[in-house]
Amino acid sequence: MSDTLITPVAPPRRSTAPARRRIPFTALLPWTVPVLLIVVWQWTASTGIVSAEILPPPSKVLDTAENLWGTGELPRYLGASVRRVAIGFGIGAAVGLVLGFLVGLSRVAEALIDRSVQMLRAVPHLAVVPLLIAAFGIGELPKVVLVALGVVFPVYLNTVSGIRSVDPKLVQLGRSYGLGYPGLLREIVIPGAMPMILTGIRYALGVAWLTLVVGETIASSDGIGYLAQNGRDLLRNDRIVLAIVLYALAGLIADQLVRLIEWRVLRWNINYRKGNRR
């Protein structure tokens, strides 16, 4: 028998260079339309299709933002608006959640509260601006109260709907496992209602910024709304457009924060996990 010479095969070399992480296409897709709009906006303003006096190009708006940031005006305006929205939204969301849980869990509370809330909801909250100014002056309180009024009703309605949409069979199942009333709330009712509650909070954040626009343009000496009002008085459309862009960015950031909360709170829900991967 002849000996067979077996040549050992060297193992494949592994690259020591760090692997490049590719940005998934789905992460870039949501930015396609905004970037395209900015490009078209810059092109139309630069070529004169749209008068730069009416709609300043993004480059001009960016220069205005840099100048205002350098003078310290823009940070002061942003801080004032964010503070008003944060306080007003906190108060309005807390009231809406408390009322929503009371009405959603108790028929007696529904009989006492719901009709009055629905009557107040039918009144446009922006219509009470003159009354708030007459009662509280033109300070911070009217703006905070106005934002809170705009936030209460979306949070209230979605909280009630979320609680009422919980499957009664799950509640019966929890009782069969010996859960008391606090346990049913903690383990079944609140998790089941949370998608609707967070939807109401997302919607209420948009209403809060919309309400603040009106509050700051009527009587204010700072804030993003005041920036727009000042631009109108000075015939500076670049300031007006800058204020609009800032409101849009603030709404986007607020929405992304709520999406992050959804991802953290609703990790058990496969639909929300899929939605946050897009």
Side-chain angles (χ1 to χ4, degrees), residues 68-69 71-103 112-160 197-198 200-234 239-240 242-255 257-258 261:
L68 290 175
W69 187 273
T71 60
E73 294 178 79
L74 190 56
R76 180 165 59 89
Y77 295 158
L78 288 172
S81 294
V82 171
R83 182 181 67 250
R84 291 162 184 160
V85 166
I87 298 174
F89 178 82
I91 296 173
V95 174
L97 285 172
V98 170
L99 294 179
F101 271 96
L102 287 175
V103 172
L112 290 173
I113 298 173
D114 186 66
R115 182 166 299 179
S116 300
V117 173
Q118 298 300 336
M119 291 173 62
L120 292 174
R121 186 173 68 89
V123 178
H125 62 282
L126 298 179
V128 302
V129 171
L131 180 62
L132 291 175
I133 293 177
F136 304 112
I138 59 174
E140 291 294 301
L141 188 57
K143 302 175 185 62
V144 172
V145 172
L146 195 64
V147 172
L149 287 175
V151 168
V152 167
F153 303 113
V155 175
Y156 167 79
L157 291 175
N158 280 271
T159 302
V160 174
I197 293 174
L198 291 175
I201 289 176
R202 285 182 65 184
Y203 179 73
L205 275 170
V207 175
W209 282 104
L210 176 64
T211 305
L212 186 66
V213 175
V214 179
E216 289 184 338
T217 53
I218 290 178
S220 182
S221 59
D222 55 11
I224 303 175
Y226 172 77
L227 176 63
Q229 181 73 13
N230 181 256
R232 191 195 70 172
D233 295 339
L234 299 176
R239 293 194 171 202
I240 299 175
L242 175 60
I244 296 173
V245 171
L246 290 175
Y247 277 125
L249 292 176
L252 175 63
I253 294 172
D255 185 75
L257 288 176
V258 178
I261 295 173

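Positions are given from 1, in the same order as the sequence printed here. Small disclaimer: the values here were computed from a predicted structure and weren't measured.
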On a heavy-atom basis, which atom in L212 and which in S81 lie closest, and how many Å separate them? CD2-O, 3.6 Å

Determine, step by step, whether V145 and V128 satisfy the side-chain contact (heavy atoms from CB on, under 4.5 Å) criterion, reporting the C-alpha distance in whole Å, the side-chain angles of both residues, the deciding distance to 0.1 Å, and the verdict. CA-CA 10 Å; V145 172; V128 302; over 6 Å; no

Compare every heavy atom of V117 with every heavy atom of F153, then report the nearest pair and how far apart it is. CE2-O, 3.7 Å

Hey, what do you get for CG (L205) to CG (L210), rounding to the nearest 0.5 Å? 12.5 Å

Which of V151, V152, N158 passes side chain to side chain contact (heavy atoms under 4.5 Å, CB included) with V155? It is V151

Heavy-atom pair of closest approach, residues I113 and L102: CD1-CD1, 4.3 Å

Is the shortest heavy-atom distance from the side chain of Y156 to the side chain of V95 under 4.5 Å? no

Rounded to the nearest 0.5 Å, the CG atom of D114 sits from the CG atom of L157 at a distance of 8.0 Å

How far does CG of L234 sit from CD of Q229, to the nearest 0.5 angstrom? 10.0 Å

Whether R239 and D233 form a salt bridge (side-chain N of Lys/Arg under 4.0 Å from carboxylate O of Asp/Glu) is what I want to check. no

Taking all non-hydrogen atoms of both residues into account, name the closest pair between A243 and A228 and its distance. CB-CB, 3.7 Å

Before accepting this row, confirm whether a basic side-chain N of the pair K143/E216 lies closer than 4.0 Å to the acidic partner's carboxylate O. no

For the residue pair A208 and V147, what are the closest heavy atoms and their distance? CB-CG1, 3.7 Å

Heavy-atom closest pair, residues Y247 and G225: OH-N, 2.9 Å

Between R121 and Q118: side-chain donor-acceptor atoms closer than 3.5 Å: yes

Gap separating the CZ atom of R84 from the CG atom of D222, nearest 0.5 angstrom: 4.5 Å

From L249 atom CG to W209 atom CH2, the distance as rounded to the nearest 0.5 Å: 10.5 Å

Could you tell me whether the side chain of L257 reaches within less than 4.5 Å of the side chain of I261, counting heavy atoms only? no

Measure the spacing between CD1 of I240 and CG of N230 and express it to the nearest 0.5 Å. 9.5 Å

